[in-house]
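First up is the structure itself, then whatever we jot down about it.
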Amino acid sequence: MSAVDKSGRVADRSIVRVLGWGPGARLDIREQAGIIVARPAADGVHYVGDRGHLHLPLAVRRWCRLTAGDRVLLAADPATGVLVAHPLAVLDRLLADVHAAVAGGEVE
């Protein structure tokens, strides 16, 4: 879990390091079904900042309705170099049925 600041910077730099993305690494960052997907791209217009922070583009933050202080669940696949950021609202929707089943005693 990591917070997004007012400029779209993701506070946690450790996941960027796990992926081997250094400052200046070019990225393709897109929204897909409310989830943010970042992957290396030689022609990417986005990049890792000088201090190793990932910056989420304003358009992507707007599509995902992320504002300053919102938290995202980060998941990385070092084998493919892909980072996925799940906004909490998306996680709520994905898990709603499971939570309802647990609350109703349907799942043990």
Side-chain angles (χ1 to χ4, degrees):
M1 296 292 293
S2 187
V4 178
D5 74 8
K6 65 182 179 180
S7 67
R9 186 174 54 198
V10 176
D12 186 353
R13 293 180 287 185
S14 63
I15 199 156
V16 172
R17 285 192 300 269
V18 165
L19 289 164
W21 297 349
R26 314 251 348 133
L27 304 170
D28 177 58
I29 302 175
R30 299 176 185 266
E31 175 273 342
Q32 293 179 268
I35 297 169
I36 301 164
V37 180
R39 56 179 45 97
D43 61 347
V45 296
H46 309 291
Y47 58 91
V48 176
D50 292 343
R51 294 188 175 174
H53 287 103
L54 176 67
H55 291 264
L56 301 177
L58 180 59
V60 169
R61 295 192 320 264
R62 285 185 177 161
W63 289 328
C64 294
R65 295 187 175 102
L66 288 174
T67 60
D70 285 348
R71 297 181 65 75
V72 291
L73 174 65
L74 301 172
D77 182 356
T80 61
V82 173
L83 171 71
V84 180
H86 301 273
L88 295 185
V90 172
L91 289 176
D92 286 344
R93 285 195 308 270
L94 292 172
L95 296 173
D97 291 340
V98 173
H99 292 165
V102 170
E106 299 171 24
V107 177
E108 295 182 20

Worksheet entry | Residue pair Ile29 / His55, side-chain heavy-atom distance below 4.5 Å | no
Discussion item. The criterion is side-chain contact (heavy atoms from CB on, under 4.5 Å); which residues satisfy it with Val16, sequence neighbours excluded?
Written reply: Trp21, Val48, Leu54
Practice prompt. Please name all residues satisfying side-chain contact (heavy atoms from CB on, under 4.5 Å) with Pro87, sequence neighbours left out, ordered by chain then number.
Written response: Cys64, Leu66, Val90
Worksheet entry | Transitive ILVMFWY cluster of Tyr47, excluding itself - 4.5 Å side-chain cut-off | none
Response to the item:
In short, salt bridge (charged side-chain N to carboxylate O under 4.0 Å, His left out) pairs touching residues 58-77 with sequence neighbours left out are none
Discussion item. Checking Arg9 now: which residues fulfil salt bridge (charged side-chain N to carboxylate O under 4.0 Å, His left out) with it, not counting sequence neighbours?
Written reply: Asp5
Practice prompt. Determine, using the 4.5 Å side-chain heavy-atom cutoff (strictly less than), whether Val37 and Leu56 are members of one ILVMFWY cluster.
Written response: no
Discussion item. Using a 3.5 Å distance criterion without hydrogens, assess whether the side chain of Ser2 forms a donor-acceptor pair with backbone atoms of Val10.
Written reply: no
Fill in: Distance (rounded to the nearest 0.5 Å) between His46 NE2 and Leu27 CG
8.5 Å
Response to the item:
Rounded to the nearest 0.5 angstrom, the CD1-CH2 distance for Ile35 and Trp63 is 15.0 Å
Practice prompt. Taking the side chain as every heavy atom from C-beta outward, state whether Val84 and Val82 have any pair of such atoms under 4.5 Å apart.
Written response: yes
Discussion item. Other residues, nucleotides and ligands only: do more than 12 of their heavy atoms fall within 6.0 Å of CG on Asp92?
Written reply: yes
Response to the item:
Closest non-hydrogen atoms of Ala3 and Gly69, given as atom of the first, atom of the second and distance, are CB-O, 4.4 Å
Worksheet item: With sequence neighbours left out, which residue pairs that include part of residues 17-32 fulfil the salt bridge (charged side-chain N to carboxylate O under 4.0 Å, His left out) condition?
Response: Asp28-Arg30
